Amino acid sequence: STGGKRRQQNRNRSTQPQDGSRSSAPADYNSSDQKTPCRRHELFVSFRELGWQDWIIAPEGYAANYCEGECSFPLNAHMNATNHAIVQTLVHLMNPENVPKPCCAPTKLHAISVLYFDDNSNVILKKYQNMVVLACGCH
Amino acid sequence: LDGNNEVHLGFIHRRLRTHEKREMQKEILSILGLPHRPKPNLSQGKYNSAPLFMLDLYNTISGEEKIPVEVKLSRYHSTTQSLPLATYQETAFLNDADMVMSFVNLVEYDRELSPQRRHHKEFKFNLSLIPDSEAITAAEFRLYKECVSRTIRNETFLLKVYQVVKEHPDREADLFLLDSRRLWAADEGWLEFDITATSNLWVMSPVHNLGLQVSLETSSGLSISSKEAGLVGRSGALEKQPFMVAFFKISNVHIRAPR
């Protein structure tokens, strides 16, 4: 029973406003002063940093991108993943056949080659070519 | 990375947070199609000849997009002078392959039988862990031979490589001759033997994987040990250890489960 009580406390805590930015009702979520612009960041993923230098021989790591903020959904500029979900639910209720279909933009990735040891100390050189990511929104 | 594996200065080196590290490891293993991170036993492996040879192949792949074949080959040899030399044929296999794998020789000790029986050296490789979507397009067995100065300058040896077909507890194994080659005592360098058919058999029927045997004779037909003929064995230099390499073509596309 104590578990139940703690769970109840957690639930209460999550619905209480934690900082000013969340005190407004969800309907304000899209007001312009809420949006953090979508930005692409660059990061070098080092296999050494990941603690994998004992089995990955090459490369040292790779340059990667990731996104942060209110990134637009492939449908069009003003609709992002969150807005799209809200609209989809609403239209679905009133006129199901008009539900907009989300599209995921396939993105071709650069070919990479990785050289690594397997569990039996054999060495594997693998080429990863024709990698396509089917992702919606920011990937 | 640009063609020379140089990381663009714009990419920041940022310490990853613990949960980021965990998530990233999970994602990368999933992309690489690996169920878990390998834990190789590297007591002797890291600077062994096989990893050095494979690193050579990796360097060739990493730099090959912009370099025409002729220049590539000359550059390749210049870079590999101190490393095992790969032939033009191997570079052709490399171009076609989706995966290349080198296998550690499993025979822990160089079993040289007593003089009453023919000197021979055994080699065994474990090919049972190859993903079944991979098909071998070419496979080679590689041995390094050093110059033997002790013998007569123009002495030649006849080297024979056999596939072990059947073993018998009380007598010589049944063997199938794969290749034979006449070598000069003064020869030095890597010897490559095509074992594509044998490797395919081993992959399709692991019970038939009884390894290889190498035997040597002098020009007068006398059986000699591989060490006397200059072949480098387990006790030799790490970067000259014998190994096997196989080139694979993938037959189906790896689909990653969506997260």
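Below, read A as the first sequence line, B as the second, and so on, with proteins coming before strands; counting in each chain starts at 1. Remember, it's a predicted structure, so these values are computed and weren't measured experimentally.
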Engineer: Distance only, no hydrogens: is a donor on one side chain within 3.5 Å (strictly under) of an acceptor on the other, for B:S49 and B:E239?
Structural biologist: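 No, no side-chain donor-acceptor pair sits under 3.5 Å.
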Engineer: If I measure from the heavy atoms of chain A, does B:A97 come under 4.5 Å with its side chain, its backbone, both, or neither?
Structural biologist: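 The answer is the backbone of B:A97.
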Engineer: Do you know the tightest heavy-atom contact between A:P59 and A:S113?
Structural biologist: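 Smallest interatomic distance, heavy atoms only, reads CD-O, 3.6 Å.
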Engineer: For chain A, which of B:M101, B:M24, B:H36 has the most heavy-atom pairs under 4.5 Å?
Structural biologist: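 Most heavy-atom pairs within the cutoff with chain A belong to B:M101.
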Engineer: Using a strict cut-off of less than 4.0 Å between a Lys/Arg side-chain nitrogen and an Asp/Glu carboxylate oxygen, indicate whether B:K21 and B:E27 qualify as a salt bridge.
Structural biologist: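 Salt bridge between B:K21 and B:E27, a charged N being under 4.0 Å from a carboxylate O: no.
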Engineer: In terms of heavy-atom pairs under 4.5 Å with chain A, which of B:R22, B:K39, B:M244, B:Q25 leads?
Structural biologist: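 So the answer, after comparing B:R22, B:K39, B:M244, B:Q25, is B:Q25.
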Engineer: Is the backbone of B:L94 close enough, under 3.5 Å, to the side chain of A:K127 for a donor and an acceptor to pair up by distance?
Structural biologist: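 Judged by distance alone, yes, a pair lies under 3.5 Å.
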Engineer: Given heavy-atom pairs under 4.5 angstrom as the criterion, report whether the side chain, backbone, both or neither of A:Q129 touches chain B.
Structural biologist: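 The side chain, not the backbone.
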Engineer: Quick one: do A:K126 and A:D118 make a salt bridge, cutoff under 4.0 Å?
Structural biologist: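 Not counted as a salt bridge, because no side-chain N and carboxylate O are separated by less than 4.0 Å.
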Engineer: Quick check for you: among A:I124, A:N120, A:V123, which has the greatest number of heavy-atom pairs under 4.5 Å with chain B?
Structural biologist: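 Among A:I124, A:N120, A:V123, the one with the most close pairs to chain B is A:V123.
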